[in-house]
Structures are given as C-alpha cells and as structure tokens.
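All values below were derived from every heavy atom in this structure, side-chain atoms included, with hydrogens, water molecules and symmetry-related copies excluded.
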Amino acid sequence: LYNEEVKNIDAINKVVKTNNMEFEYEYLINTAPFNKLLQYIDQQEYNSIKNNFSYNKVLVFNLGFDKKSKINDIHWMYIPDKSINFYRIGFYDNILDSDKLSMYVEIGYSPSEKIDINRELNLTMENLRQMEIVDDHKLVSYSSIIMDPAYVHITKDGQKIKDAKKNELANMGIYTIGRYGDWKYCSIEDSIMDALSLARNFNIVTVWLMENLLQFNYPELLIKIMLFRFGLRLLDIVELNISSLKGNWSEEKSCHNRE
C-alpha cells in the first residue's frame, strides 16, 4: 500500500520504521518470512539463531510460445537430472486447454548463490529442446520471479525456537502467520485459514459490535442477522449473548464517562 520497505520494528514501543516513514501500531500481523521478522526486531538475537532457519531460493520462469508442444497430457513434472538446470516444470496450457504452449520452469539455488537470469533463460531453452518439449517454437513472451525464500527447511530445533518466539511475540501484540510468517510448508488454503483463525481470536466483529451496534437499541435478532452478514460463524452467533454484551458495554461506557 505504501510501497515502503521495513527496516526495524520496535516491539517495546510498538513502532515500525521503514525507509521513509514510521508507523505506530496496536497489533502487528506479519506475513513476511519469520527469519526476517526476527531480524527486524533484534539483529543480535537473529544472528544467534539464524542457522536454525535455513531455506532455498527459486528462480521461476513463465514462458509463452507461438504453438503447442507435443506434450499435451501432462500438467506438471519433476526432472530428477542434475545435468538439467531446472527441477520442475508445469504446463499452464494443458491445465487451461489452450492452443499455445505456456509453462513455468523452476530452478533451485542456495540462499547465497547469485542468479544470472539471462544465462538461465538460455540454458532453459537449450534443455527444453533437448527434452523435445520444444523444437522450432518461438518464445513470444516471458517473465521471471525470484522467490527468496522459496522452500523453508523444517527442523526440530527451528520449530522449538519458532514456537517459543511466537508465544513471546503474541504477548507483545505481534502475530506471525502464513507459509513464510509461520515458517512452514503449506498451501494457499492453509494460509487463508491461518488468517481466519487469527481474526476469530481477535474477535474483531464483536469489538465492532460493541463500539457501533450496541449503542443503539436494535432487537437481538436483527443484531445477529447483521453479524451473520458480516461473516461471523453461525455457531458463534447462536452462542453470543447480546444482552450480556450490551450490559458490559454500557457499564464500560459509564466508567469512561466518569473518568
């Protein structure tokens, strides 16, 4: 949104510093790689435990050609051959049933390796011809993405450190979720569930209810219908005691007014 790079997180004073700005926060939800989060918060601590959070990086090519490949019945495949520069390829056109070859190519590296995109593209084209995936095909368009990190390495020591650190950070109002934020191997669907679970823990809808709906004398059924429209689970709505919430909110409001 702001196109800013995080430089430092002051977890005590709850301030995020970027290259040009500072942001104060009450709660911080992180989806950046877990090792980066630790580095933002405490460089010295990060240096002492960084070896427990190893990973690889991956160069991904998306390639579009002027015609179909003779391989038209495979969605993706692994290439267990060290003489080939890529380890996995996939065929978008076979998935989408389109009439021209479009594919992805994945090339793995260690974190410290330098990547020469032009060299890898030329080598990729040579190997695709060698494997007879393309012949006289013309490369019409391509894009490249460097995933850094790409695949995190799960270890017992790393998991132990991560779990302890996550609890410590949660007590400071910092929550770290997702494939990289939680330093785990998972699907997109798992990351979505992480976000939904965290939202329920925050009970954001109930807080919004207390601050906005409860000050009006809406019937309980109407309030529950509105909550359902906002996405609260039906089971949570059925169990929600609106009268009790109204009483607690009124009492809290009175206390604030007296202060």
Side-chain angles (χ1 to χ4, degrees), residues 1 3 5 29-37 53-155 158-159 162 176-197:
L1 182 62
N3 197 28
E5 180 183 357
I29 301 173
N30 172 70
T31 58
F34 185 74
N35 60 342
K36 286 289 186 182
L37 175 65
F53 297 96
S54 61
Y55 60 92
N56 79 338
K57 61 185 179 183
V58 169
L59 169 63
V60 182
F61 282 121
N62 290 300
L63 308 175
F65 296 88
D66 62 340
K67 63 178 182 177
K68 195 80 171 174
S69 169
K70 66 180 182 181
I71 298 179
N72 55 20
D73 59 349
I74 294 176
H75 287 179
W76 54 268
M77 59 190 295
Y78 283 93
I79 317 297
D81 186 342
K82 290 186 177 181
S83 68
I84 303 295
N85 65 320
F86 45 80
Y87 67 88
R88 182 168 66 179
I89 58 176
F91 299 87
Y92 297 125
D93 57 310
N94 291 342
I95 297 171
L96 301 173
D97 195 26
S98 56
D99 61 354
K100 294 179 182 178
L101 172 60
S102 58
M103 62 185 302
Y104 65 83
V105 176
E106 297 184 2
I107 306 167
Y109 302 86
S110 67
S112 59
E113 279 187 89
K114 292 183 178 181
I115 299 176
D116 185 333
I117 293 178
N118 289 331
R119 176 184 176 279
E120 291 295 347
L121 179 59
N122 291 331
L123 188 55
T124 294
M125 291 299 298
E126 289 178 15
N127 287 326
L128 290 175
R129 293 187 188 99
Q130 177 185 324
M131 296 175 66
E132 298 184 351
I133 294 170
V134 299
D135 42 47
D136 60 347
H137 288 66
K138 179 181 179 182
L139 181 62
V140 176
S141 180
Y142 79 92
S143 65
S144 62
I145 302 168
I146 297 176
M147 300 172 63
D148 183 9
Y151 294 98
V152 304
H153 302 154
I154 310 299
T155 66
Q159 286 293 104
K162 183 196 75 173
T176 181
I177 61 173
R179 176 168 178 158
Y180 296 112
D182 201 11
W183 204 257
K184 61 186 179 182
Y185 185 81
C186 69
S187 66
I188 294 173
E189 291 83 357
D190 293 320
S191 295
I192 292 172
M193 293 307 298
D194 282 351
L196 290 173
S197 176

Would you sort out whether I177 and T31 count as a side chain to side chain contact (heavy atoms under 4.5 Å, CB included), showing the intermediate values?
CA-CA 5 Å; I177 61 173; T31 58; 4.1 Å; yes

Table please: side-chain donor-acceptor pairs of residues 86-93 below 3.5 Å, with sequence neighbours left out.
unit_1 : atom_1 : unit_2 : atom_2 : d
Y87    : OH     : E106   : OE1    : 2.7
R88    : NE     : E106   : OE1    : 3.2
R88    : NH1    : Y78    : OH     : 2.9
R88    : NH2    : E106   : OE1    : 2.9
R88    : NH2    : E106   : OE2    : 3.0
R88    : NH2    : Y151   : OH     : 2.9
Y92    : OH     : N62    : OD1    : 2.6
D93    : OD1    : S102   : N      : 3.4
D93    : OD2    : K68    : NZ     : 3.0

How about [X] and [Y]: do any of their side-chain heavy atoms sit closer than 4.5 Å?
X    : Y    : answer
K138 : F65  : no
P149 : P111 : no
L139 : H137 : no
M131 : I79  : yes
L128 : L63  : yes

Just jot down the side chain to side chain contact (heavy atoms under 4.5 Å, CB included) partners of [X], sequence neighbours excluded, or say none.
X    : result
S144 : L59, F61, I117
N85  : I107, E120, L123, T124, N127
Q159 : I154, K162

Greater than 12 external heavy atoms within 6.0 Å of [X]'s [atom1]:
X    : atom1 : answer
L96  : CG    : yes
Y104 : OH    : yes
K67  : NZ    : yes

Where do D190 and C186 come nearest, in terms of heavy atoms and distance?
OD2-CB, 3.5 Å

Working to the nearest 0.5 Å, report the span between CD1 of I133 and CE of M103.
5.0 Å

Pairing residues for [X] by the salt bridge (Lys or Arg N to Asp or Glu O under 4.0 Å) criterion, not counting sequence neighbours:
X    : answer
K184 : D182, D194
K70  : E132
E189 : none
D99  : none

Parallel, tilted or perpendicular, judged at 30° and 60°: which one describes the rings of F34 and F53?
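If you compare the ring of F34 with that of F53, the planes turn out tilted.
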
Donor-acceptor pair, side chain of T176 and main chain of G181, under 3.5 angstrom:
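Indeed, once roles are kept as given, a pair shorter than 3.5 Å links the two residues.
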
For the backbone of H153 and the side chain of Y185, can you confirm whether one donor and one acceptor N or O come within less than 3.5 Å of each other?
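Checking the backbone N and O of H153 against the side chain of Y185, no donor-acceptor pair under 3.5 Å is found.
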
Residues which pass side-chain hydrogen bond (donor to acceptor under 3.5 Å, both in side chains) with [X], listed by chain and number, not counting sequence neighbours:
X    : result
N35  : none
D148 : none
S112 : none
S110 : E113

